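Reading through the structure tokens given below for one structure.
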Amino acid sequence: MTTSDPTFPDLISPVHQPPFSASAPPIFQSSSFLFDSYAQIADVFAGRSDRLVYSRGDNPTVSELEGLIARLEGTEAARGFSSGMAAICGAVLPFVQSGDRIVTVEHLYSDAYRLFETVLRRFGVETIYVDGTDTQAVIDALPGARLVYLESPTSWTFQPQNVAAIAAAARRLGVLSVIDNSWATPVFQKPAALGVDLIVHAASKYLSGHSDTLAGLVAGPKELITRIDHEATHLYGGRMAPMDAFLVLRGMRTLLLRMRTHMESGLTIARTLADDPRVTVVHHPGLSEMPKGLTGCGGLFAFDLAEGVDVERFCNALRVIRLGVSWGGPESLIVPGQAACGLAGAANSFQRFGVSPRTIRLAVGLEPVGTLLSDLGQALNLAGQVAA
Ligand SMILES: Cc1ncc(COP(=O)(O)O)c(C=O)c1O
């Protein structure tokens, strides 16, 4: 696992040296910054100075996090947003216009799907969905497209894509490539090194890691981030707040340790469930071998309960693992697929998101793995036995 690689970028030392040699970054809880003279403010508006002006543009605490994620992802720049969805809007909307086509993969995160199918379709941008495990099918769909949007692995079905092959084809054809890297984090997947243009993070998940904040990030080359900056950060306005940047920075100091535990516990539980006759399928990309491009796995995956195991009783029987959306925090959480499809609202949700009424999504947290295995075991026992 490359997390032990001594070349892995430093998560702990600051990008910008904090004042007073503080060991933790300060929170600059200030909306605006002052000028000493007419000349100073005039220079800023004329583009002759990069002094701080207003936190919807730049804020030092947010800049510290942007510097850190750029360092980890190996990109020139990054921008912080108020949520993962705001970051997805920031990475996609500035680059498309009416008449454009987006290529993406099936079984996408439901709200990204809804963004494409509602807002973007209303503005004349068409999105097509391709089986992401069929690399050639994705590549064949690229000619004429404006943007290819990947999520590797996908939500609920956790199917990885051949990111390097798709990104290389996109670059050859002049198609902008974007990936949601929230699940793998830069600890386990480096999309810029695989040739992807823009990397999106729901920093609400593993990067912050404590279920106490909503935040999003986009990392990429300076030229693209400047375009995002002109439009998304300033005009859409869903900018990351200093306190949220601080919380993500604090969480990221332990990212490496947490990701190791999420991965190891997740794999142990996935393998145990795969051997249990009361579970028919385990949707985990790292069960047999690590897919191309990934050097490790997040702890979020899904499994289908066999007929005869009562889904509702199973969910209600869990004692340690709680029912709750989101993932990436210290606590283990489940979402039953049937309920989640109700939330997404579309009649064809089950096919669209690759979910069956018997699918359970499990976010493995940081509790001792034995405790989680016992909890799942007792809930399976209570929810019913499959006839031998
Ligand atoms: C894969 C993925 N991407 C993006 C998001 C959106 O992040 P946020 O909730 O911070 O808007 C989520 C949220 O659940 C997600 O699971």
Side-chain angles (χ1 to χ4, degrees), residues 62 65 69 78-93 104-116 118-119 129 132 149-161 163 178-186 188-189 191 196 198-219 232 236-241 243-245 247-248 251-252 259 262 266 283-285 294 297-302 323-329 331 333-335 337 339-341 343-344 349 352-355 359 361-365:
V62 179
L65 174 59
I69 196 72
R79 295 310 258 162
F81 291 88
S82 55
S83 69
M85 276 313 297
I88 292 171
C89 290
V92 172
L93 270 55
T104 189
V105 292
E106 287 169 352
H107 310 154
L108 205 57
Y109 169 56
S110 58
D111 281 346
Y113 166 77
R114 291 203 297 160
L115 172 71
F116 295 147
T118 57
V119 181
Y129 303 85
Y149 183 91
L150 304 177
E151 191 184 291
S152 188
T154 48
S155 295
W156 287 94
T157 49
F158 299 94
Q159 290 162 326
Q161 293 109 57
V163 175
V178 181
I179 190 168
D180 183 331
N181 200 29
S182 310
W183 183 90
T185 80
F188 294 136
Q189 182 164 250
V196 177
L198 288 172
I199 302 149
V200 169
H201 281 285
S204 325
K205 315 298 179 193
Y206 287 133
L207 296 187
S208 62
H210 290 75
S211 311
D212 53 9
T213 187
L214 285 180
L217 288 152
V218 183
Y236 310 165
R239 199 71 166 101
M240 188 183 285
M243 183 66 191
D244 292 324
L247 288 170
V248 179
M252 283 180 68
M259 290 312 290
H262 286 302
H283 309 272
H284 188 301
L294 283 170
C297 288
L300 179 76
F301 66 97
L323 278 156
V325 298
S326 200
W327 48 276
E331 64 287 316
L333 296 171
I334 55 155
V335 180
C341 283
L343 182 78
S349 286
R352 183 55 77 192
F353 304 120
V355 177
T359 304
R361 190 187 77 176
L362 170 61
V364 175

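Note that the structure is predicted; figures quoted are calculated from it, not measured. Note that ligands are numbered from 1 as they come in the structure, with each ligand's atoms numbered from 1 the same way.
When Y109, W156, F81, W183 are checked for heavy-atom proximity to atom 6 (C) of ligand 1, Y109 turns out nearest.
The ligand atoms of ligand 1 that sit less than 4.0 angstrom from a heavy atom of S83 are 10 (O), 11 (O). Ligand 1 places these atoms under 4.0 Å from at least one heavy atom of K205: 9 (O), 12 (C), 13 (C), 14 (O). Atoms of ligand 1 lying under 4.0 Å from at least one heavy atom of M85, given by number and element, are 6 (C), 7 (O), 8 (P), 11 (O).
At the top of the distance list for atom 3 (N) of ligand 1, counting protein heavy atoms only, stands D180 OD2, 2.6 Å. The nearest heavy-atom contact from the protein to atom 16 (O) of ligand 1 is W327 NE1, 3.0 Å. Looking only at protein heavy atoms, the nearest one to atom 8 (P) of ligand 1 is G84 N, 3.3 Å.
Note: Y206 and H262 have tilted aromatic rings, judged against thresholds of 30 and 60 degrees for the angle between ring planes.
In terms of polar-atom proximity, A202 is not counted as a contact of ligand 1, lacking any N or O under 3.5 Å from an N or O of the ligand. Distances between N or O atoms of E151 and those of ligand 1 include no value under 3.5 Å. Below 3.5 Å of separation, one finds no N or O of S155 facing any N or O of ligand 1. Here's the thing with I88: none of its N/O atoms is less than 3.5 angstrom from an N/O atom of ligand 1.
Here the shortest heavy-atom pairing between H201 and A87 reads O-CB, 4.2 Å. I69 approaches A78 most closely through the heavy-atom pair CG2-CB, 3.3 Å.
With hydrogens and angles disregarded, no donor-acceptor distance shorter than 3.5 Å links the side chain of R239 to the backbone of S82. Side chain of Q161 to main chain of E151: a donor-acceptor pair is present (N/O by atom type, distance under 3.5 Å, no hydrogens or angles). Here the side chain of S204 pairs a donor or acceptor atom with the backbone of A215 at under 3.5 angstrom.
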Original post:
Could you go step by step and tell me if S152 and W183 meet the side chain to side chain contact (heavy atoms under 4.5 Å, CB included) rule?
Top reply: CA-CA 8 Å; S152 188; W183 183 90; over 6 Å; no
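Taking the six-membered ring wherever Trp is involved, the centroid distance between the rings of Y149 and F116 falls below 6.0 Å.
Here S204 has side-chain heavy atoms under 4.0 Å from ligand 1, and that is the only part of it that gets that close.
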